[in-house]
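Here's the structure we're looking at; comments come further down.
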Amino acid sequence: MKKILTPIKEQQFRDLCARLLKLTARRRKGSGAKIRKLILKIKTLFADLSERYTRTQLLRVPGAALVAAAMTFTPAAQAQEVMFAPPVEDAFGITVSDGDYLILAAADLDDDGDFDLLGSSYGGFRYFENIGTSSVPEFAAPVNAPFGITPIEDYLLLHKLADLDGDGDFDVFAGGYDGNLIYYENVGTASAPQFAAPDIAAFGVSAASDYYLYPAFADIDGDGDLDLFTGNYSSIGFYENTGDAQNPVFGSEQTNPFGLSADDEEYIFISFADIDGDGDQDIFATTYYENLVYYENIGTAQAPQFAERIDAPFGIMPTNDDSFVFPTFADFDDDGDMDMLTSEYYDYFTFYYYENITEPSSVSNLPEDFKFAANPNPTTDLLIVSSNYDLARLEIINTLGQTVLQQDGANTRLSLADLSSGLYRLRAVLPDGSFTVQSIMKQ
């Protein structure tokens, strides 16, 4: 029998969505349980109202997109809903001059334990130092042409930051509109970067296209070194690192590997993040004049396999229908998950921050009397963990979301001697799969 829908239900739907927005915006301690209860109520109303209104009409109600995303995506590995808060415009004090736009990449460039930003645009780079903290970022005014980076005249550089040569600092790898891949080696240090002159087609990479190339790095096969992916016109390229973490050697291009796909005549630029917290790298991509798209890694950290792409994942929609959205991922609020900061190609001087408000399983699943500690922190080498519960394993995760160290939880002494200085996350996993996450600074 068809349900009778009343204006009362419609107003209730709007009111509950408004309450959800307020709760996610404040994110006070203990609000996770309230958010989950609200979501369950809104889901029921969403289903009822779908008999009268289209999905598009319902999503226009502020806050509804958060619930719709949770209804359509639940990671099997953790059975928890991934959610992002509504975008915050010009978050963290980021400012640029009129008529400019920047593609951003986040990394701890001065080795002080928080995320800084490096932006690129036509002809050069800009540096935004985080003068706040690891949990409350605030970015200083941009510095033009930082760290000795040599600009390329009238050349849009699409860049990423990664430690390509394993020496403990971040290098710059950039793609451009002519199909070249450009490498700026950091010949300085982790705390005082200095970049060498640009090296075109470094590491034996031979671009198979003369269109824009956008590089992205991940240890996709779990062998301890960074592999290279490129997004370009109508395909995703993969170059396996057949060298090692200190001496990369990239093989020939493989097109659309691991079940990936891209539409014909579509620019697609990719970024990696373990967005569902299951220990492998997922892909977010931006497409020309279209939404963000998402490829979940349904394989493993050693044998990746990507699911069919999802458009506008987790309810994230561009703020401008004609924008070309470039995301960068980092744990900007130091709560153990990956947040997203975007710049938009045709929204020249606006940036948007999407906080990951997923309720971590460490909060929802751990025993009430669970205790855990890791000391000393910061540490130079040895980390000693203690808990009143048996631990299944301990994992050290870097800022790219990669597990760089893992050991049996029965051994409570972790040697970080082989890791570079910088910020990491320590994940302690219990036998039932619940876990806690703590930030660790290696000096």
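Values below: every heavy atom of this structure, side chains too, minus hydrogens, waters and symmetry copies.
Heavy atoms only, all atoms of each residue included: Gly243 and Asn241 are closest at N-OD1, 2.9 Å. Of all heavy-atom pairs between Tyr127 and Asp110, the closest is OH-OD2, 3.6 Å. Nearest heavy atoms, Gly299 versus Asp280: O-OD2, 3.3 Å. The minimum heavy-atom distance linking Asn356 with Met338 is given by the pair ND2-O, 3.0 Å. The two residues Tyr353 and Ala91 have their closest heavy-atom pair at CB-CB, 3.6 Å. For the residue pair Ala285 and Ile270, the shortest heavy atom distance occurs at CB-CG2, 3.9 Å.
Between Phe125 and Tyr184, the gap from one ring centroid to the other is short of 6.0 Å. Taking the six-membered ring for Trp and the full ring otherwise, Phe326 and Tyr214 have centroids separated by under 6.0 Å. Aromatic rings from Tyr239 and Phe229 are positioned such that their centres are separated by 6.0 Å or more.
The side-chain heavy atoms of Leu391 and Val429, taken from C-beta on, include no pair separated by under 4.5 Å. Between Thr328 and Lys160, every side-chain heavy-atom pair lies at or beyond the 4.5 Å cut-off. Counting only heavy atoms from C-beta outward, the side chains of Val187 and Phe195 never approach each other to under 4.5 Å.
Judged purely by distance below 3.5 Å, without hydrogens or angles, the side chains of Asp334 and Ser134 pair a donor atom with an acceptor atom.
One N or O on the side chain of Asp108 and one on the backbone of Gly113 form a donor-acceptor pair closer than 3.5 Å. One N or O on the side chain of Asp282 and one on the backbone of Asn297 form a donor-acceptor pair closer than 3.5 Å. Listed for the Asp227 side chain is a donor-acceptor partner under 3.5 Å among the backbone atoms of Ile220. For the pair Glu296 (side chain) and Ile310 (backbone), a donor-acceptor distance under 3.5 Å is absent. In this structure a side-chain-to-backbone donor-acceptor pair under 3.5 Å is missing from Thr342 to Pro327. Side-chain N or O atoms of Asn388 include one that pairs as donor or acceptor with a backbone N or O of Asp369 at under 3.5 Å. A distance-only check finds no donor-acceptor pair linking the side chain of Asp339 to the backbone of Asp331 [under 3.5 Å]. Distance alone, capped at 3.5 Å, is enough to place a donor-acceptor pair between the Asp163 side chain and the Asp167 backbone. The closest donor-acceptor contact from the side chain of Asn186 to the backbone of Phe170 lies under 3.5 Å.
Rounded to the nearest 0.5 Å, atoms CG (Asp111) and NZ (Lys442) are 10.5 Å apart. Note that CZ of Phe272 is 11.0 Å distant from OH of Tyr295, once rounded to the nearest 0.5 Å. With rounding to the nearest 0.5 angstrom, the CG atom of Asp171 is 8.5 Å from the CG atom of Leu161. Atom-to-atom distance recorded for Lys371:NZ and Tyr389:OH is 10.5 Å, nearest 0.5 angstrom. Taken to the nearest 0.5 Å, the CZ atom of Phe173 stands 11.0 Å off from the CG atom of Leu226. Rounding to the nearest 0.5 Å places CD of Glu138 at 8.0 Å from CG of Asn130.
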Practice prompt. With ring pair (Phe, Tyr, Trp, His ring centres under 6.0 Å) as the test, would you mind laying out the steps for Phe351 and Phe92 before giving the verdict?
Written response: CA-CA 10 Å; Phe351 303 91; Phe92 312 131; over 10 Å; no
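The aromatic rings of Phe258 and Phe306 are tilted relative to each other, their planes meeting at an angle between 30° and 60°. Using bins of under 30°, 30° to 60° and over 60° for the plane-to-plane angle, the ring pair Phe314/Phe284 lands in the tilted bin.
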